[in-house]
Number of protein chains: 2
Amino acid sequence: MANAAKVLNALGDPTRRRIFELVASRPRSVADAAEHVPVSRPAVSQHLRVLKSAGLVRDRAEGTRRIYELDQDGLVALRAYLDRFWDRALSRFQMAAERAARTAEANPSTDPDKEHS
Amino acid sequence: MANAAKVLNALGDPTRRRIFELVASRPRSVADAAEHVPVSRPAVSQHLRVLKSAGLVRDRAEGTRRIYELDQDGLVALRAYLDRFWDRALSRFQMAAERAARTAEANPSTDPDKEHS
DNA sequence: TTGCTGCGTTAGCCATGACTTACCGTTAGC
DNA sequence: GCTAACGGTAAGTCATGGCTAACGCAGCAA
C-alpha cells in the first residue's frame with residue numbers, strides 16, 4: 001500500500017534517492033548497492049526497508065542474498081498525487097500567459113519569456 | 001530553476017507538504033496559510049522559502065503582505081524525474097503481470113485484479 | 001510624524017532520523 | 001555436522017533541520 005506521503009518522504013533523503021536509482025537501474029543485492037554508496041551495509045539495508053514500505057522497491061530471496069528491484073506502485077502513487085495539482089498548474093499557467101499577452105500587447109517592450117523570480 | 005532533488009526534499013516534510021497543498025488550492029498570504037497549520041507564522045514563512053527555491057510556489061508583493069501561489073516549474077521537474085523510471089517500471093510491471101498470469105494459470109484462486117494500493 | 005500591522009530574520013533549543021558497531025539468524029558449501 | 005557469507009536487528013551517537021521567541025523593517029492610516 002503505497003501512498004504519496006511515504007514516497008515523498010522516502011525520496012526526500014539524498015542517500016536513499018541514490019540507492020533507489022541504483023536499484024531502479026538494475027536489480028541488486030544489498031552488498032552490491034552498498035558498494036556504490038558511501039555508507040555502511042546496514043545503513044543501506046535500513047534505507048531499502050523504507051523504500052520497500054513506500055512501494056518503491058520489491059525484494060525477493062535468492063539463496064542467502066536478497067535481490068531488490070524497482071517496484072512501480074510507489075511511482076504510480078506519486079504520479080497520482082502529482083496529477084492532483086496538474087490541472088490547477090496548467091490553468092494558472094494559462095491565465096498567467098493570457099495576462100502576459102495582454103501586458104505585451106499594451107507594452108511590447110516587456111518580453112514575458114524573460115521574467116524570472 | 002527547479003530540480004527534482006530540491007522538489008523531493010521540499011515535499012518530503014509533512015508540514016511543508018501541507019502548506020504547499022494549501023497554497024496550491026488558492027493563493028494565500030503567510031498568515032492565511034499559518035491559520036490552517038499547527039505551527040507559528042515564522043515557521044510557515046521558512047517553509048514557503050524552501051518551497052519557493054524548489055520552484056513549487058511563486059510569491060508576489062501585494063501591499064504589505066506577500067501572496068504565495070502555485071508554481072508549475074517544480075511539478076514539471078518532478079514529473080520529468082518520475083518519467084526517467086516510468087518505462088523501466090512499465091516493462092517490469094509487464095513482466096510481473098506475465099509472471100502473475102502464469103501463476104494464476106497454475107493456481108486460479110489467486111486473483112491479480114484484487115490487488116489495490 | 002507616530003502608531004499599528006504584517007513579514008522576514010536571527011539565535012538557540014530540541015526532536016527526528018541517519019549512521020555505525022556489534023550481534024544474531026539463515027543459507028550454501030565443505 | 002561445521003564454517004563462511006549475507007542480510008536484518010539493536011543500541012547508541014551525532015548531525016540535520018524544524019520550531020519558537022525576540023527583534024528589525026517596511027507599508028498603511030491617522
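These numbers come from a predicted model, not from an experiment. Lettering follows sequence order; numbering is per chain, from 1.
Heavy-atom nearest nucleotides on DNA chain D were determined for A:Q46 and for A:T64, and the one closer to the 5' end corresponds to A:T64.
Nearest to the side-chain atoms of A:P42 among the listed nucleotides C:dA22, C:dA18, C:dT9 stands C:dA22.
Taking atom CD1 on B:I67 and atom C1' on C:dG8, their separation rounds to 15 Å, with Å as the unit. C:dC19 atom P lies 14 Å from atom CZ of A:R18, rounded to whole Å. Look at CZ on A:R65: it is 14 Å from C1' on C:dG29, rounded to the nearest Å. Remark: P of C:dG8 and CG of B:L48 are 8 Å apart, rounded to the nearest angstrom. Atom pair A:R41:CZ and C:dA18:C1' shows a separation of 17 Å (rounding to whole Å applied). Atom CD of A:E62 and atom C1' of C:dT27 are 13 Å apart (whole Å). A:N9 places its CG atom 11 Å from the C1' atom of C:dT16, with the value rounded to the nearest Å.
Close to C:dC7, at under 4.0 Å from its OP1 or OP2, lies a side-chain N or O of B:S29. Side-chain N/O atoms of B:R66 include none lying less than 4.0 angstrom from OP1 or OP2 on C:dG6. One finds no side-chain N or O of B:Y68 lying less than 4.0 angstrom from the OP1 or OP2 phosphate oxygen of C:dC7.
The footprint of chain B on DNA chain D, defined by a heavy-atom cutoff below 4.0 Å, extends from D:dG18 to D:dC28.
Using Watson-Crick or G-U wobble geometry with both donor-acceptor distances under 3.5 Å, C:dC30 finds its partner in D:dG1.
Among all heavy-atom pairs drawn from B:A54 and B:V7, the shortest one is O-CG2, 3.4 Å. A:R65 approaches A:S29 most closely through the heavy-atom pair CD-CB, 4.4 Å. The minimum heavy-atom distance linking A:A10 with A:L56 is given by the pair CB-CD1, 4.1 Å.
Checked for salt-bridge contact, B:R41 and B:D32 miss the test: no charged N lies under 4.0 Å from a carboxylate O. Taking the charged nitrogens against the carboxylate oxygens, A:R49 and A:D59 have no contact shorter than 4.0 Å, which rules out a salt bridge. Taking the charged nitrogens against the carboxylate oxygens, B:E69 and B:R26 have no contact shorter than 4.0 Å, which rules out a salt bridge. In summary, A:R18 and A:D13 do not engage in a salt bridge, as defined by a charged side-chain N under 4.0 Å from a carboxylate O.
For residues 31-39 of chain B, proximity to DNA chain C is found at B:A31, defined as any non-hydrogen atom under 4.0 angstrom from a strand atom.
Remark: A:R79 is positioned above the aromatic ring of B:W86, its terminal NZ or CZ atom under 6.0 angstrom from the ring centre and at most 45 degrees off the axis.
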